[in-house]
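These notes concern the structure reproduced below.
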Amino acid sequence: MKRFFGHLILWAYAVVALAPLVVMVLDSLRPNTDVLADPLGLPKTLDLASYATAWTEASFSTYVRNSVFVTVGAVALDVLVSLPAAYVLGRQRFRGRGVLIAYFLAGLMLPVRLGILPIFYLLGSIGLVDSRLGLVLVYAASGVPFSIFILSAFFRGLPVELEEAARIDGAGEFRIFARVLTPLVKPAIATVVVFRFVPLWNDFFFPLVLLRTTDRYTLPVGLTQFFGEFQTNWSALFAGLVIATVPLVVLFLLATRQIVEGLTAGMGR
Amino acid sequence: MVQAVKRLLFLLPAFVLYTVFMVYPLLSALADSFWTWEGTARRGFAGAGNFTGLFTTFPLNRQLEPAFWHTVVFFLGTMVVQNTFGLLVAVLLVELPAARRFLRTVYTIPYLIGGLVVGYLWSLLLSPAFGPLNAGLHAAGLGSLARPWLGDPATALPVVILVNAWQYLGFPVLLFGAALAGLPPEYGEAARVDGAGARQRFFRVTLPLLLPSIGVVTILTFIGSMNTFELVYSLEGAQGNQPTGPGGATDVLGLIFYRVAFQEGGSNAIGLSSALAVLLFVFTFGVAVVANGLIRRRTT
């Protein structure tokens, strides 16, 4: 009896969690007149017209391309600069190391949004307002604390013997870092990549402020524009939401473990 | 020496990127908050002028205090759902392993899709005229319950909180799940041997051991609530008082910060919004640090 109620709660909430997303997908596949007449109906045929509308008329193709460029670029730059720093901070002892670690990790608690105006004028002074590259730089910088936190902990956990053996074989510092240790922290890199990808893909605040030209909009700002222009075409609105959602759901299904690890980083101790 | 130079080269890219695009802007915002601005030109030292200005400049003086309380209610509402229903779901998932991975995935998907998409999705679902929710109520013969959920000042904030709780429930489920998996089974066993029932074991053994996790969920929910912006923006618009809107009933601090900086700040927008940024940070950080300290002292 108790088990029955337990299962009932779990599955009932699964319905609550999924129903809005199911309605979103179903309505995106129905003609707009049907959606407005009965928002809870099922598709009679597989009507992809709304996706065509969103993709071409509402330039979702451009938004998706911009989002991919900005997100991938920012995560790549973030990992590229954080890896060597995390290696040094995780594996070498030197004066000032503690201060540096504290300096980087302090960023975990700093809400970068509150610096939006100085960021705006800083990017303006180097000609990077209304630029996807400017967004990449800000996003990458805001990811450095988390990346260094995860990566340096992982580097620290690797056995010292690996380095010593490589050094005896005559490997230099860079070789040890790039060829010996970095391949071993791949799981941590995967955690960083997946976990940084999600908030950057979803971020709305920075592109809202920093981007001006529709051609450069990422998906979230594009979505805002779209909801203003296509107010009455609900089927297309739902299709636009599906387009913004699908990459994340796919990523999640491919990388559940990394997401769970990132979310629970530092827990369970 | 060579070693030191190499080390520097390894550290420098991360240091420069982080310092220029994160630390410097935040320190600038701190400095800017003490000056009076006219557009982008600095006019003179203001001392605490911008901080007092937040409470005396129209329309901010009318909006800031309600927005503060909305944010507090938003935090409390979300937190209560996460630490009760979220905890219940996490416990049930541990006790009923069938389909655990599938269910955990389902609960986490809304969290992943982000505040803006969630907000726009629910703005359609809750729409008064064509929305599926009201349509469903009518179809079920409960048409009298149908209302403009997001436009009615009485329901707007509770509905925004529920949507937020819906989006974030996967987070406490994962966190509590990880914590429950890390609990030593011996304690529960010992209590069972001593004759404790399931309810007693949960409240006397499991729950006290989970206090640190409840603290973490609470603190992270607090920080998230202080920064809430996208969800309210997409559900209610930047103004929250459009013709169909609830007349500011859902204004939260994150939204006020955006409006001061980019819409309503007047000529001293930089000074006022920087002062608000500093206050928000000090308050959020201060509460988080004190709460964290309390939790640590209670549990060690």
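Letters go in sequence order (proteins before strands), and every chain restarts at 1. Everything quoted here is computed from the prediction, not taken from an experiment.
When each of A:Ala141, A:Ala140, A:Gly240, A:Pro199 is scored by its heavy-atom pairs under 4.5 Å with chain B, the top score falls to A:Ala141. Taking chain B as the reference chain and counting heavy-atom pairs below 4.5 Å, the highest number among A:Leu137, A:Asp203, A:Leu219 is found for A:Leu137. Between chain B and the residues A:Leu208, A:Leu89, A:Leu18, A:Leu83, the most heavy-atom pairs under 4.5 angstrom are made by A:Leu208. Across A:Val23, A:Asp38, A:Val209, the residue that shares the most heavy-atom pairs under 4.5 angstrom with chain B is A:Val209. Ranked by heavy-atom pairs under 4.5 Å with chain A, the list B:Phe130, B:Phe262, B:Phe21, B:Tyr18 is led by B:Tyr18. For the set A:Val138, A:Leu122, A:Leu80, the count of heavy-atom pairs under 4.5 angstrom toward chain B peaks at A:Leu122. By number of non-hydrogen pairs under 4.5 angstrom with chain A, the leading residue of B:Pro110, B:Pro132, B:Gly115, B:Ala98 is B:Pro132. Among the candidates B:Ala29, B:Ser273, B:Ala14, B:Ala277, the residue making the largest number of heavy-atom pairs closer than 4.5 Å to chain A is B:Ala14. For chain B, the option among A:Pro247, A:Pro20, A:Pro220, A:Ala244 with the highest count of heavy-atom pairs below 4.5 Å is A:Pro20. Your options are B:Val106, B:Leu26, B:Leu96, B:Thr284, and the one with the most heavy-atom pairs under 4.5 Å with chain A is B:Leu96. Options B:Val16, B:Ile113, B:Leu30, B:Val89 differ in how many heavy-atom pairs under 4.5 Å they form with chain A, and the most are formed by B:Ile113. When B:Val118, B:Leu280, B:Leu93 are compared by the number of non-hydrogen pairs under 4.5 Å with chain A, B:Leu93 comes out ahead.
Here the straight-line distance linking atom CD1 of A:Ile148 with atom CG of B:Leu11 works out to 8.0 Å at 0.5 Å rounding. Distance check: B:Leu125 CG to A:Phe238 CZ gives 5.5 Å after rounding to the nearest 0.5 Å. One finds the OG atom of B:Ser127 at 3.5 Å from the CH2 atom of A:Trp234 (value rounded to the nearest 0.5 Å).
For B:Leu121, the parts lying under 4.5 angstrom from a heavy atom of chain A are both the backbone and the side chain. A:Leu123 touches chain B through its side chain: at least one heavy atom from C-beta onward sits under 4.5 Å away, while N, CA, C and O do not. Both the backbone and the side chain of A:Phe174 come within contact range of chain B, with heavy atoms under 4.5 Å apart. In this structure, the portion of B:Phe102 lying under 4.5 Å from any heavy atom of chain A is its side chain and not its backbone. With a threshold of 4.5 angstrom between heavy atoms, B:Ala181 does not approach chain A through any atom at all. Of the atoms belonging to B:Val23, it is side-chain heavy atoms, and not backbone ones, that fall under 4.5 Å from chain A. Looking at B:Leu169, the atoms closer than 4.5 Å to chain A (heavy atoms on both sides) all sit in the side chain, from C-beta outward. Using a 4.5 Å cut-off between heavy atoms, A:Leu40 touches chain B through its side chain atoms alone. With a threshold of 4.5 angstrom between heavy atoms, B:Phe281 approaches chain A through its backbone and through its side chain. The contact between B:Ala99 and chain A is made entirely by side chain atoms (from C-beta outward), counting heavy-atom distances below 4.5 Å. For a residue to count as touching a neighbouring chain, one of its non-hydrogen atoms must lie under 4.5 Å from one of that chain's; by this rule B:Phe257 touches chain A with the side chain only.
Between A:Asp27 and B:Leu124, the closest side-chain pair of non-hydrogen atoms is not below 4.5 Å. Taking 4.5 Å as the limit, some side-chain heavy atom of A:Thr224 sits within range of a side-chain heavy atom of B:Leu116. You'll find the side chain of A:Leu251 stays beyond 4.5 Å of the side chain of B:Leu112, heavy atoms only. Between B:Thr105 and A:Phe252, some side-chain heavy-atom pair lies under the 4.5 Å cut-off. In this structure, the side chains of A:Asp78 and B:Leu17 stay at 4.5 Å or more apart for every pair of heavy atoms. Counting heavy atoms from C-beta on, the side chains of B:Val117 and A:Leu248 never come closer than 4.5 Å.
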Donor-acceptor pairs under 3.5 angstrom involving side-chain atoms of residues 5-14 of chain A: please list them, not counting sequence neighbours.
none

Check residues 100-120 of chain A and write down every donor-acceptor pair under 3.5 Å in which the side-chain atom is one partner and the other belongs to a residue at least two apart or another chain.
residue  : atom : partner  : partner atom : Å
A:Tyr103 : OH   : B:Thr19  : OG1          : 2.8
A:Arg113 : NH1  : B:Asn227 : O            : 3.2
A:Arg113 : NH2  : B:Glu230 : OE1          : 3.4
A:Arg113 : NH2  : B:Glu230 : OE2          : 2.7

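Across every non-hydrogen atom of B:Arg7 and A:Arg93, the tightest pair is NH2-O, 4.2 Å.
Note: A:Tyr87 and B:Phe10 have tilted aromatic rings, judged against thresholds of 30 and 60 degrees for the angle between ring planes.
Side-chain N or O atoms of B:Trp166 include one that pairs as donor or acceptor with a backbone N or O of A:Val16 at under 3.5 Å.
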